[in-house]
Structures are given as structure tokens and as C-alpha cells.
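The structure under discussion appears below in the form of C-alpha cells.
Start at 1 and go down the list; that is how both ligands and their atoms are numbered. The chain is numbered in sequence order, starting from 1.
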Amino acid sequence: MLKLPGSTLVRPDTHDLFEALGDALTATAMEAVRERGVFHLALSGGSTPEPFYISLVIDPRYRVFPWERTHVWIVDERRVPEDNDKSNIRMIREALTDHTTIRRSQVHAMPVLSTDPAGEYEQTLRDVFGQTPRCIAADGTPRLDFVLLGMGDDCHTASLFPHSAAIRVMDRWIVVNEGEHVTPPDRVTMTYPLLNAARRLAVLCVGSKKLAALKRVAALKAPDTHDVPVSGIRPADGVLTWYLDAAAAGE
Ligand code: 6PG
């Protein structure tokens, strides 16, 4: 069994894994709504979560999901128009939110084509979280209730790529990440301070091609954000869970 930071849940196949993740997500959403009246969910793009998003729409066990009280945020985004194939918000809308009862105004796309996307998205976070002060940490950072992350073969998560500028940013919630270490196109991404203020973070990894990267994370004695950015995910006062199928876990 891989020893990853936080806790690890392994299921034999993606069907069982998505069910475990969907159940945890739904339980967290209902608890957040009960306790604070609102659920703040941050979603990633990439190929892994798309079938999971579709399962949330199709499987009747998620009919209780409180979409009317949910705000969807985007973990990271490519600086491309929304109708581009590479747009995360396009995938998230098409696979998930367009098929739920969430209001379109509660799905917060990153304004990636504006001149200051990071500043604008931070302002949206400030405005929306400002309506429910119980969702803000003592230092003023918004506390996302659930963040769904993925991990690339190079151990990046969100758009925090090895050796890129964004991994060093500790005084912003959102930044543009670009340059030689960023897989094009340029990105807008949540930073460690915002991600690590979340109540729950889940890293979803499926398939044997993730095993080598997971072994690198498991081999670390301390976080190494430069070479292994996902190891910088260490919630200050929250819970980190890795959701792996047997192939990703090497079992
Ligand atoms: C994105 C992501 C990114 C992703 C990993 C894994 O928008 O691409 O947020 O961090 O989670 O690259 O991608 P796959 O799921 O496609 O392997």
C-alpha cells in the first residue's frame, strides 16, 4: 500500500471509486449546507474527472445533492475561449453543471481572457464568500468546502507545474502561470494558500500511468513543491484524501 500524505482510499475499479468519491462529496455538501447554508466546491479539469462528473448526473443516489445551495469554482483553467476543446469550464458545464439545478450565476468561470484574470477571480471569491463570513478563515482566506484535484505524470496538480513561478506564490489566492515550465497554453490557477485553506481536498488518480508519480509522492520525507508540486497540498486545518483505483495504486 502506498504511503501518501493524509489518507488513501483504494477501490478495485473506477465504478467503485467514483461511487466512494461521489458519496463523500454528497455527504460533505449536505453537511456544509446544514452548518453554513452554502457549499463551496472547486473542480479540476483533465480527462480523469469527466466520467466522474457524468456519474454525478446519471446516478440516482446523487439526487439529494444540494445544487441550489452550491457554488462551483474552477481550480485552474487554460487561457482559451470557453468554446475551446481545452477549456475546463466547457467540460464541467457539458458533463455536469448544465444537467443540474444549479443557477448559472453560481458556476464561477475564470475570466481567463481578461487582462487581470487572477485579480478579478479573487474579487469574485471575496464578494461571494463575503456573504457568509463563517466560510472565511481567521486570516481572511476563503475556505472551500471540497476541492477535487488531479495529478499529472510530472506530479503537478491544479496548474502548479514543477519549477514554475506559481509554486512560490504565498500571498495570492489566484495567479496566472506561464513561461517555460508551464505546459501551454498559459494557465490561471488556485495557489497553495487558497487550496490548503480548504476543509477537504481529494486527489483523484485513475490508471496505471499514475503509479510512477504516486510512488514519487510516497517516497518523499517532506514536501518538495519544486519537483513534486502535489506534495505541497497539506491542508492547514482540513482533510486530504487520495482516491485511487487499484491500477493507480499498483495493487
Ligand atoms: C487540468 C488540471 C490538471 C489535471 C492533471 C491530470 O485542468 O488539466 O486541473 O491539474 O488534473 O493534469 O490530468 P488528467 O486527469 O488528464 O490525467
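Qualifying salt bridge (Lys or Arg N to Asp or Glu O under 4.0 Å) partners for D237, counting only residues two or more places apart in sequence or in other chains: R143. Scored by the ring-ring contact (aromatic ring centres under 6.0 Å, His included) test, W173 finds no partners at all (sequence neighbours excluded). Every side-chain contact (heavy atoms from CB on, under 4.5 Å) that R234 has, sequence neighbours left out, goes to P5, P223.
With rounding to the nearest 0.5 angstrom, the CG atom of L9 is 9.0 Å from the CG atom of L21.
The 12-atom threshold is not exceeded at CZ of R103, counting heavy atoms of other residues, nucleotides or ligands nearer than 6.0 Å. Residue-environment remark: CZ (R69) stays at or below the threshold of 12 foreign heavy atoms within 6.0 Å.
Listed by chain and number, residues touching ligand 1 at under 4.0 Å (heavy atoms only) are S44, G45, G46, S47, T48, D76, R78, N88, G150, M151, G152, H156, T157, A158, K210.
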